Protein chains: 2
Amino acid sequence: VTDPAPLRAHEVATDAAPRADASIAFLGRIRTPWPDRAACPRQGDAAAGPECRIEIDPSWDAALEGIERRDRILVLYWLDQSRRDLLLQNPRHGSGPRGTFDLRSPLRPNPIGVSTVTLLRREGNVLVVRGLDCVDGTPVIDLKPEICARPPESAR
Amino acid sequence: VTDPAPLRAHEVATDAAPRADASIAFLGRIRTPWPDRAACPRQGDAAAGPECRIEIDPSWDAALEGIERRDRILVLYWLDQSRRDLLLQNPRHGSGPRGTFDLRSPLRPNPIGVSTVTLLRREGNVLVVRGLDCVDGTPVIDLKPEICARPPESAR
């Protein structure tokens with residue numbers, strides 16, 4: 001729990017002990033124009049949003065092979081400023097408390113963000129994309145081809 | 001690395017030490033008809049696939065509030081049988097090695113699966129859905145409203 005914000009009216013947090021069932025590796029960092037959460041847009045814009053950079057650590061560089069042919073990719077990132085214990089939340093623009101799983105709020109038990117982005121170009125171990133909405137410096141944890149109803153590529 | 005499968009031709013694994021930068025909490029288990037990876041379909045079918053059950057631990061039950069009104073939700077799960085060190089992979093139905101980030105293979109540095117499912121009904125702390133393709137017993141790590149181009153709901 002690193003988010004210092006207090007609970008809002010009608011918000012409820014769990015008092016269950018946090019669990020650590022598996023570990024996440026940070027694979028690099030996302031560079032965006034937004035220095036903190038208050039500056040972030042409510043949602044990324046894969047068509048007209050600003051260029052952002054996904055910087056992959058050199059040790060994973062080889063895993064990018066072929067991704068430069070993609071137009072759209074799915075980016076998973078770790079919202080490392082989020083408290084993780086909220087059951088019910090009051091969205092800023094909402095009309096009352098809602099379940100955490102019924103929201104895309106960054107405050108969730110596993111604070112994973114998922115965005116579909118437009119890939120503009122690859123520059124070595126850096127992907128330049130549009131469509132993100134996260135804080136500058138956010139750790140990236142996965143990249144995948146975009147989800148399609150009928151995907152052209154093979155699963156393993 | 002719990003997957004016993006050896007590397008296939010032209011596959012490359014990293015020899016970098018595994019990192020544990022953050023921890024994941026398992027929030028419940030997914031019940032599917034498929035006892036192991038070989039039995040799983042290549043991709044879930046949110047229209048005609050079999051019913052699967054997402055069983056949320058009672059401690060997170062309150063976070064489901066309101067989700068029963070959704071038609072489609074995004075499910076994130078932990079592919080706990082996957083080796084995590086592959087840089088280049090040879091998909092079963094493919095034509096040569098490809099970068100891990102250019103595939104939706106379960107074998108990835110952070111083995112997170114993402115599926116969009118149709119929500120059929122909620123039964124207490126269980127969501128009955130169509131569209132999954134994972135092994136029975138897979139841990140669930142997040143649920144979110146489906147990604148939309150122009151979402152109707154508020155971000156927090």
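In the text below, chain A, chain B and the rest are named by the order of the sequence lines, each starting its count at 1. All heavy atoms count here, side chains included; hydrogens, waters and symmetry mates do not. In this text, all values refer to a predicted model and were calculated from it rather than measured experimentally.
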### Query
So which part of B/Ile141 gets closer than 4.5 Å to some heavy atom of chain A, the side chain, the backbone, both or neither?
both
### Part of B/Ser59 lying under 4.5 Å from any heavy atom of chain A
both
Do [X] and [Y] land in one hydrophobic cluster if side-chain heavy atoms of ILVMFWY residues count as linked below 4.5 Å?
X: B/Val12; Y: A/Ile56; value: yes
X: B/Val140; Y: B/Leu119; value: yes
X: A/Phe26; Y: A/Leu74; value: yes
X: B/Leu120; Y: B/Val117; value: no
X: A/Ile54; Y: B/Leu87; value: yes

### Message
Heavy-atom pairs under 4.5 Å with chain A: which of B/Ile67, B/Asp142, B/Asn110 has the most?
### Response
B/Asn110
### Residue selection (most heavy-atom pairs with chain A, distance under 4.5 Å) from B/Asp15, B/Asp133, B/Leu64
B/Leu64
Say whether, by atom type as modelled, one donor and one acceptor occur between the side chain of [X] and the main chain of [Y] under 3.5 angstrom.
X: A/Asp21; Y: B/Ala25; value: no
X: B/Arg108; Y: A/Leu143; value: yes
X: A/Arg19; Y: B/Ile24; value: no

### Message
Report which part of A/Ala22 has an atom under 4.5 Å of a heavy atom belonging to chain B: side chain, backbone, both, or neither.
### Response
both
### Message
Is A/Trp60 close to chain B through its backbone or its side chain, or both, or neither, when contacts mean heavy atoms under 4.5 Å?
### Response
both
### Query
Taking all non-hydrogen atoms of both residues, which atom of B/Glu146 and which atom of A/Arg104 are closest, and how far apart?
C-NH1, 3.9 Å
### Query
A/Phe101 versus B/Ile73: any side-chain heavy-atom pair under 4.5 Å?
no
#### Entry: Partner of B/Lys144 by side-chain contact (heavy atoms from CB on, under 4.5 Å), out of A/Thr100, A/Asp102, A/Val114
A/Val114
### Task
In sequence, state the C-alpha distance, the side-chain angles, and the governing distance for A/Leu76 and B/Ile112, and then conclude on side-chain contact (heavy atoms from CB on, under 4.5 Å).
CA-CA 9 Å; A/Leu76 277 63; B/Ile112 298 169; 3.7 Å; yes
